[in-house]
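Below is one structure, written out as structure tokens; the observations come after it.
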Amino acid sequence: MAATAAKAAPRKTAGKSAPKPSAKNASGTSAKSASGANAKSPVSNGALKFSKDEELRAYRDMLLIRRFEEKAGQLYGMGLIGGFCHLYIGQEAVVTGMQMALEQGDQVITGYRDHGHMLACEMDPKGVMAELTGRRGGYSKGKGGSMHMFSVEKQFYGGHGIVGAQVSLGTGLAFANRYRKNGKVSLAYFGDGASNQGQVYESFNMAKLWKLPVVYVIENNKYGMGTSLERASSTTNLSHRGASFDIPGEQVDGMDVRAVKAAADRAVKHAREGNGPYILEMITYRYRGHSMSDPAKYRSKEEVQKMRETHDPIEMVRKRIVDGKLASEDDLKGVDKEVRDIVNAAAEFATNDPEPDPSELWTDILR
Amino acid sequence: MPIEVLMPALSPTMEAGKLAKWLKKEGDSVKSGDVIAEIETDKATMEVEAVDEGTLGKILIDEGAEDVKVNTPIALILGEGEDSSALKNGGSGPAPKAEEPPAKAEVEAKSGDKSPAKVESAAANPPQPMAQPEPDVPEGTEMVTQTVREALRDAMAEEMRKDDTVFLMGEEVAEYQGAYKVSQGLLDEFGKERVIDTPITEHGFAGVGVGAALAGLKPIVEFMTFNFAMQAIDHIINSAAKTLYMSGGQMGCSIVFRGANGAAARVAAQHSQDYASWYSNVPGLTVIAPYTAADAKGLLKSAIRDGNTVVFLENEILYGQSFPVPKLDDYVVPIGKARIARPGKDVTLVAWSIGMTYALKAAEKLAEDGIEAEVIDLRTIRPMDTETIIESVKKTGRIVTIEEGWAQSGVGAEISARVTEQAFDWLDAPVTRVSGKDVPMPYAANLEKLALPSVDEVVQAAKAVCYR
Ligand SMILES: Cc1ncc(C[n+]2csc(CCOP(=O)(O)OP(=O)(O)O)c2C)c(N)n1
Ligand SMILES: [Mg+2]
């Protein structure tokens, strides 16, 4: 399947930057085969191969996000988490694959559906969960909640509640990188819904104009709240959205962590080498409602069920591991247990950690 | 030990729900992610997914049970290797039956004393003003009980029936029936030409709305919440509010920008701001912030007809609260008129929107201590009904303003300035403001509670100005 680079974005830009099969990509993945998801039905990319280590790492990292989110949903149900809580279940392959292409010091920024991104950045699950419950051990001392967490140490810049805001901010992170000539790349994640916001295009223009090292990762999970992509967008191939700014873009099967990683390698390299921004449209799917209080009546049960059964990012890796005998069922049970233990410990901490001291109300307003 | 499945909280404000349907039977195997039941909350029917794997050992709450409190055990799941004999010693003792909801103590024991106190949302029965909705409602008019949500919907529907230049646009207003269900049913009645789902592009669709208004239509532009209107504030102020003036009176902009304003519950800093004072600063804007359902209806109808740019500030917590609304074919409330919601002679309390819940409850408490507070519901922030405030202060000599927004340059600050300018000689104590604390809204339950004003703070402020 052909890489769907933006029509007006010269193929040569995308092509030139596409790396030779990287060492990690044992089977010699080509740029062409890696990006071939089709907007209607993401297909698995048979030609892609991960090493055993990569498969196992991807499995574990995605499972951690899945179990963490399930637990968060449960704690919400118990009233321990309040307000808005947007779960990432179904989309795990996107952050996991992207993160595999980053170097130490590269930055990540996203919206409010951010728990998975933080775990992928190796932030401490305890600190994330305790922020969800609003406790003092949370990443923002309990003051930010589900939508607002940050980690200077892990170069995670939030955690933003205003749809689209992170796109300009992520572009600004890239601006700082270019200003400092530090060779770092920023990833700005946003949704299909966010991709219609005006500031996205203002950012695209500046990013290309100033050749900023930013990768725009559009997580197209087909819905912005209750509105399907088709009902909100005049054109639905979001990888083409950079066309008028000459920014190359690709559609990627965001349910296949190998395809994500391969595309991420190309995009990050392009940005890091000074060619400016790159757009990756990840075709993905959220299994749960938009937030905990969304009954998700705008789509059929069958649609969700089909995705889960045929394209689950974790099941697909698991199957490859088992079929390829990369690990035994027992080994995988061990991973499952390790992940469950981490998540249970996080939940335990987040339940027992005290609320912030009342004096915290008045701190951190100015410094 | 079998795993207990508890009645989940499925929205920031849910305390109990109806167990609408079981989708699994006893003996069925369940795995993580399976939908096991459907639950009706105040807003929607939600699916409950299993998070554990095993066999559905026992259903504890029957299908159809109403008012099942959050955290009540509703089923037991048997883990790997457990059979039904485990049910005898597992779980939480005898299963509560649907007819007799479990004792409260049990529920609380389950949720654990470590869980933070629930955010004190204004109760299901909001404090009611003592006065009639409007003096010119004919005597004997039948009153119907409506939520603020329904009243707003009816206001829009009535105006849309009357005037086909009125239309509604915004995010999720049509097919989803409104993010907060305010526009429920409007798509069905008026069709997609007049009830329009927009992309998430506030700056753009606010501008489109203003353009349509300049061309003579009467848009109602819904912001999912006013937090997102910050994306669009340039059009609200520069394009809408100033055009009549800039065009020498030629070109008006008849448009209503409406949506939820202020803090909801636990949604943190970027989603919890009160914009009343921001908009109130701008000449060319009319700013309305109703409390009761009757006012919400009557004022929204007036706003749609007004012919100017109106910023109509609703409140998410008030949406579900019920009030009596006069049953009249065309109930309108005049813009720019405050209402005495409770007469009194000792101290004036001025509030609007959700601030009224604190004011009315405080007035009740003050009455117990022999202080008769006069509560004014401002209803319109701009133009401000200064006269009603001044008249009250001339009677009481004392005034406390109440708002959830910040004090600096707030609406209370404006009221204070007007009172000192126009009724200085009648004041027996400094004008006092009760407001949201001077911090961004924190997420943590305890801090959020501290950040918001409280009834006690109002009582204390009122007593202080009474030197009691
Ligand atoms: C400026 C702004 N407008 C509206 C909202 C309310 N809102 C929150 S998320 C969302 C949908 C966003 O959809 P998408 O960008 O596709 O991301 P997803 O939730 O699917 O991850 C909306 C409308 C908001 N937070 N900010
Ligand atoms: Mg989306």
Side-chain angles (χ1 to χ4, degrees), chain A residues 67 70-71 73-74 76-84 89 131 133-136 138 140-148 160-164 191 193-194 196-199 224-227 231-233 287-289 292-298 301 308 351-352 355-356 358 360-362 365, chain B residues 6-14 32-33 35 41 43-49 51 70-71 110-112 114-116 118-119 171-172 175-176 179 197-204 224 227-228 230-231 264-271 437-440 442-448 450-451:
Chain A
R67 295 285 173 262
E70 286 168 352
K71 184 60 83 178
Q74 206 179 7
Y76 192 96
M78 292 162 68
L80 285 162
I81 297 173
F84 292 138
I89 297 178
E131 190 59 41
T133 54
R135 305 307 171 90
R136 61 179 63 175
S140 303
K141 305 178 193 162
K143 297 201 253 189
S146 162
M147 299 187 286
H148 311 301
H160 298 270
I162 301 302
V163 167
N196 291 318
Q197 279 286 31
Q199 61 180 316
M225 210 170 248
T227 305
R231 292 207 302 114
S233 300
Y287 293 176
R288 298 291 189 96
M292 295 303 294
S293 46
D294 170 24
K297 285 202 182 124
Y298 41 83
K301 278 194 182 129
R308 292 181 111 137
T351 309
N352 296 320
E355 291 186 307
E360 284 292 350
L361 183 64
W362 301 101
I365 296 154
Chain B
L6 304 179
M7 181 73 171
L10 295 167
S11 80
T13 43
M14 171 175 168
S32 168
V35 177
T41 70
K43 282 181 214 156
T45 303
M46 303 283 300
E47 293 177 339
V48 181
E49 292 184 4
V51 271
V70 164
N71 278 331
K110 278 262 89 66
S111 61
K114 281 170 208 111
S115 71
K118 265 238 171 308
V119 187
E171 291 159 23
E172 309 290 0
E175 292 197 12
Y176 198 80
D197 279 326
T198 63
I200 310 167
T201 52
E202 289 82 4
H203 190 207
M224 196 174 282
N227 303 287
F228 316 140
M230 273 208 279
Q231 302 277 319
R266 308 287 307 280
V267 293
Q270 291 184 335
H271 283 75
K437 308 303 177 296
D438 197 23
V439 302
Y443 166 74
N446 64 331
L447 298 186
E448 185 185 58
L450 292 172

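Protein chains get the first letters and strands the later ones, always in sequence-line order, with residue 1 at the start of each. Bear in mind that the values here come from a model prediction, so they are computed numbers and not experimental data.
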So which atom in A/I162 and which in B/Q270 form the shortest heavy-atom distance, rounded to 0.1 Å? N-OE1, 3.7 Å

Taking every heavy atom of A/L361 against every heavy atom of B/L447, the minimum-distance pair comes out as CD1-O, 3.7 Å

Part of A/K301 lying under 4.5 Å from any heavy atom of chain B: side chain

Honestly, the part of A/R288 sitting under 4.5 Å from a heavy atom of chain B is side chain

Counting heavy-atom pairs closer than 4.5 Å to chain B, which one of A/E131, A/Q197, A/H160 comes out on top? A/Q197

So which part of A/K141 gets closer than 4.5 Å to some heavy atom of chain B, the side chain, the backbone, both or neither? neither

Residue A/I365 versus chain B: region with a heavy atom under 4.5 Å: side chain

Do A/T227 and B/E172 have side-chain N/O donor and acceptor atoms under 3.5 Å apart? yes

Are any side-chain N or O atoms of B/Y443 and backbone N or O atoms of A/G82, one a donor and one an acceptor, separated by less than 3.5 Å? yes

At what distance, to the nearest 0.5 angstrom, does CG of B/D197 lie from CZ of A/R231? 4.5 Å

Out of A/K297, A/Q199, A/E70, which one racks up the most heavy-atom pairs below 4.5 Å with chain B? A/E70

Name the option with the most non-hydrogen atom pairs under 4.5 Å to chain A; the candidates are B/I200, B/V267, B/T201, B/T45. B/I200

Separation between CG of B/D438 and CH2 of A/W362, rounded to the nearest 0.5 Å: 6.5 Å

Over all atoms of both residues, closest heavy-atom pair of A/N196 and B/P199: ND2-CB, 4.0 Å

Side chain / backbone / both / neither for A/M147 at chain B, heavy atoms under 4.5 Å: side chain

Bottom line for B/M7: the part with an atom under 4.5 Å from chain A's heavy atoms is backbone

Taking the side chain from B/N71 and the backbone from A/M78, do they hold a donor-acceptor pair closer than 3.5 Å? yes

Any non-hydrogen side-chain atom of B/Y176 less than 4.5 Å from a side-chain atom of A/D294? yes

Which of B/E171, B/E175, B/E47 touches chain A most, by non-hydrogen pairs under 4.5 Å: B/E175

Scanning both residues in full, the closest heavy-atom pair of A/G134 with B/R266 reads CA-NH2, 4.5 Å

What part of A/Q74 gets within 4.5 angstrom of chain B, counting heavy atoms only: side chain, backbone, both, or neither? side chain

Donor-acceptor under 3.5 Å (B/N446 side chain, A/P356 main chain): yes

Structural part of A/I89 lying under 4.5 Å from a heavy atom of chain B: neither

Indicate the atoms forming the closest heavy-atom contact of A/G144 with B/A268, along with that distance. O-CB, 3.4 Å

Under 4.5 Å from a heavy atom of chain B, the part of A/F84 involved: both

